[in-house]
Amino acid sequence: RSNLPVYSLDEIAAHNSKETGIWVTYKEGVYNITEFVEGHPGGNQILIAAGSSVEPFWMLYGIHENPHVYEILESYRIGNLKPDAMKHITSDMSDPYSADPKRHIALKPACVKPFNAELPPELLVESFLTPNELFYVRNHLPVPEINPDNYELEIEIEGKNKVTVFTLDQLKKMPKHTITATIMCAGNRRSEMIKIKPVKGLNWGAAAIGNATWSGVYLRDVLLLAGMDETDQKYKHVQFEGYDNDVTGKTYGASIPIWKALDRRGDVLLAYEMNGVPIPRDHGFPVRVIVPGIVGARNVKWLGKILVSENESDSHWQQNDYKGFSPSVDWDTVDFTKSPAIQELPVISAICQPTANGTVKVEDGKITVKGYAWSGGGQKIVRVDVTLDGGKTWHVAKFDHQDSTPPPKHWSWTLWSIKIPVDAKLKSVEIWAKAVDSSYNTQPENVENIWNLRGVLSNAYHKIRVNLKR
Ligand code: MTE
Ligand code: MO
């Protein structure tokens, strides 16, 4: 095998159709699977990896965990991935994004610089844990380059003239904890609000969300080590700053309330692993904050500094963004000082299979509907209701995957599915879904009445129309 040719990621990416030939990678192998595609038991699904790595899909579809599958793939080997192919080259000094990492082709960008991308929703619900390469990315700035050997985390407690510095090694020597938590962007499902009236923000579909295991040290432990007195009532917030910055040197920042940071049940982590491996660059390498139950924006990546303070972060993203408003507030009347920063997110669900305006097969008079549901603040999903007739008849979905942690520490999403009978005469149908959480909070019926100028908190009943195939 070592005498096979060597290919770069760009050469592989150029082989992504029947015309060019279909190449994929697995670990360091390069494979020409053009001939195999026709006979793939999973059908055309495999084309989503064309020109890219099949590895994350083998995680999604567990059926591949079989030596026989690997043998089949190996028979199509044509070469090897160029050593260091995954390392980028910083060549273009005029482009601050030239050092950004390579991304998987299946992530569909809403914006490239900065990089923001989500997975097609039908893939999202194939696995309880979202593979790292397929986890949505929401960057406001270029991805910083951090050498883990020189990494430093500064901790300051306001009013004490002392800054404590932790290296990555020091963090790794502290007790390690692992949690499973869903992270969701406040703008998830914004595209439905955009249809009502334009909003400011990226056009996210329903996949700006993912679920992963995160390992690291408790923020609480680190703060206490740094000399924080937890009985001191003066402090109200914990501020975070990332190593990512704009041309003026301004860094990304956010804060969370102090009770969340200090609460033993809060599970706030300074994480250095995602799904058992070092956090990938796009998701905050080498250390990010994981604030389970709380909006994505506070889960600061590339963590550089922590400040325990009387005040919230004064960053743009804490003060003038990621806040909710009444539907009639517009850009002339909006006053950002009047709304609190979003922290815990409300209950949400989404239909992922079938997809909006797609086609679904009727089998034995029924269609299968699949999706996710999740609620912020550690609430657990207790029910998902689905209707095909505008709410005249509701069907209760079954949970395909839910972890057993009780509220208020239930950080993961719930994957659900249901088979529902359809009227034999119908050619298309509108599917609605809504979830109920352990506080018996449920989703609002209409997106119109929760519309807001930033397009955040878009958690109305998910309503999609699909065509029926018999
Ligand atoms: N942290 C830093 N340093 N810079 C950022 O741009 N984006 C935030 C948050 N943390 C961001 C950040 C937002 S808005 C979201 S939704 C999540 O990271 C996205 O995390 P992900 O890219 O790992 O999915
Ligand atoms: Mo976000």
Side-chain angles (χ1 to χ4, degrees), residues 118-128 130 136 182 184-185 187-196 204-211 345-363 366-376 379-402 410 412-423 426 428-451 455-468:
E118 66 187 307
L119 201 61
E122 64 273 26
L123 295 177
L124 190 64
V125 287
E126 288 295 342
S127 136
F128 185 65
T130 314
Y136 84 98
T182 292
M184 186 179 97
C185 184
N188 190 34
R189 292 185 50 200
R190 177 181 284 135
S191 57
E192 294 155 62
M193 280 195 180
I194 293 179
K195 281 191 204 126
I196 306 295
W204 287 119
I209 184 171
N211 190 49
L345 284 169
V347 58
I348 193 168
S349 66
I351 301 159
C352 296
Q353 294 178 13
T355 52
N357 306 312
T359 301
V360 59
K361 198 162 161 43
V362 182
E363 282 170 312
K366 292 177 178 167
I367 58 168
T368 302
V369 182
K370 271 185 168 193
Y372 66 77
W374 180 71
S375 188
Q379 295 305 317
K380 181 174 175 174
I381 296 300
V382 297
R383 206 179 72 231
V384 173
D385 298 325
V386 185
T387 180
L388 301 185
D389 57 12
K392 283 193 209 78
T393 347
W394 290 96
H395 307 262
V396 176
K398 90 177 187 331
F399 294 163
D400 296 326
H401 205 138
Q402 180 175 65
H410 193 93
S412 292
W413 64 10
T414 294
L415 299 182
W416 54 267
S417 69
I418 184 167
K419 286 188 161 69
I420 311 179
V422 283
D423 192 316
L426 290 178
S428 77
V429 71
E430 196 167 277
I431 314 173
W432 295 4
K434 66 172 161 89
V436 180
D437 76 10
S438 41
S439 298
Y440 278 105
N441 284 310
T442 189
Q443 299 173 238
E445 182 176 341
N446 292 308
V447 63
E448 288 85 350
N449 298 327
I450 57 165
W451 183 96
V456 290
L457 308 166
S458 185
N459 72 327
Y461 289 11
H462 197 209
K463 303 178 178 177
I464 64 166
R465 180 157 284 283
V466 296
N467 300 309
L468 302 173

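Numbers here are sequence positions counted from 1. The basis for the numbers below is simple: all heavy atoms, side chains too, and nothing from hydrogens, waters or symmetry mates.
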Working to the nearest 0.5 angstrom, can you tell me the gap between [X] [atom1] and [Y] [atom2]?
X	Y	atom1	atom2	result
Ser191	Glu118	OG	CD	7.5 Å
Asn357	Arg465	CG	CZ	9.5 Å
Asn467	Thr359	CG	OG1	4.5 Å
Arg189	Leu457	CZ	CG	11.5 Å
His410	Trp374	NE2	CH2	10.5 Å

Residue from Lys370, Lys463, His462 passing side-chain contact (heavy atoms from CB on, under 4.5 Å) with Ile351: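 It is His462, the one option of Lys370, Lys463, His462 that forms the side-chain contact (heavy atoms from CB on, under 4.5 Å) with Ile351.
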Working for side-chain contact (heavy atoms from CB on, under 4.5 Å), residues Phe399 and Ile381: CA-CA 10 Å; Phe399 294 163; Ile381 296 300; 3.8 Å; yes
NZ/NE/NH1/NH2 to OD/OE distance under 4.0 Å, Lys195 and Glu192: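 So Lys195 does not pair with Glu192 through a salt bridge.
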Residues that His401 engages under ring-ring contact (aromatic ring centres under 6.0 Å, His included), provided they are two or more places apart: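 His401: ring-ring contact (aromatic ring centres under 6.0 Å, His included) contacts with Phe128.
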Taking the side chain as every heavy atom from C-beta outward, state whether [X] and [Y] have any pair of such atoms under 4.5 Å apart.
X	Y	result
Asn441	Val436	no
Arg383	Lys434	yes
Cys352	Glu122	no
Val369	Trp416	yes
His395	Asp385	no
Met193	Val447	yes
Ile367	Leu388	yes
Ile450	Asn459	yes

Heavy-atom donor-acceptor pair, Gln443 side chain to Ser349 backbone, under 3.5 Å: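 Answer holds: yes.
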Side-chain donor or acceptor of Thr387 paired with backbone N/O of Thr393 under 3.5 Å: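 Side chain of Thr387 to backbone of Thr393: a pair is present.
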Verdict with supporting geometry, Val382 and Asp437, side-chain contact (heavy atoms from CB on, under 4.5 Å): CA-CA 5 Å; Val382 297; Asp437 76 10; 5.9 Å; no
Aromatic ring proximity Trp394/Tyr461, centre distance under 6.0 Å: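 Yes, the ring centres sit under 6.0 Å apart.
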Ring centres under 6.0 angstrom apart (Trp413, Tyr372):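 They qualify: ring centres under 6.0 Å apart.
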Can you find a side-chain donor-acceptor pair between [X] and [Y] that sits under 3.5 Å?
X	Y	answer
Ser458	Arg190	no
Thr368	Gln353	no
Asp400	Ser417	yes

Can you name the nearest heavy-atom pair linking [X] to [Y], along with the distance?
X	Y	value
Ser438	Gln379	OG-OE1, 2.6 Å
Ala460	Asn446	CB-C, 3.7 Å
Ile431	Pro354	CD1-CG, 4.0 Å
Cys185	Trp204	SG-NE1, 3.8 Å
Pro121	Thr355	CG-CG2, 3.9 Å
Ala373	Ala435	CB-CB, 3.8 Å

Test side-chain contact (heavy atoms from CB on, under 4.5 Å) applied to Ile209 and Thr182, step by step: CA-CA 7 Å; Ile209 184 171; Thr182 292; 3.5 Å; yes
Asp389/Asp423 under side-chain contact (heavy atoms from CB on, under 4.5 Å): CA gap, chis, key distance, verdict: CA-CA 10 Å; Asp389 57 12; Asp423 192 316; over 6 Å; no
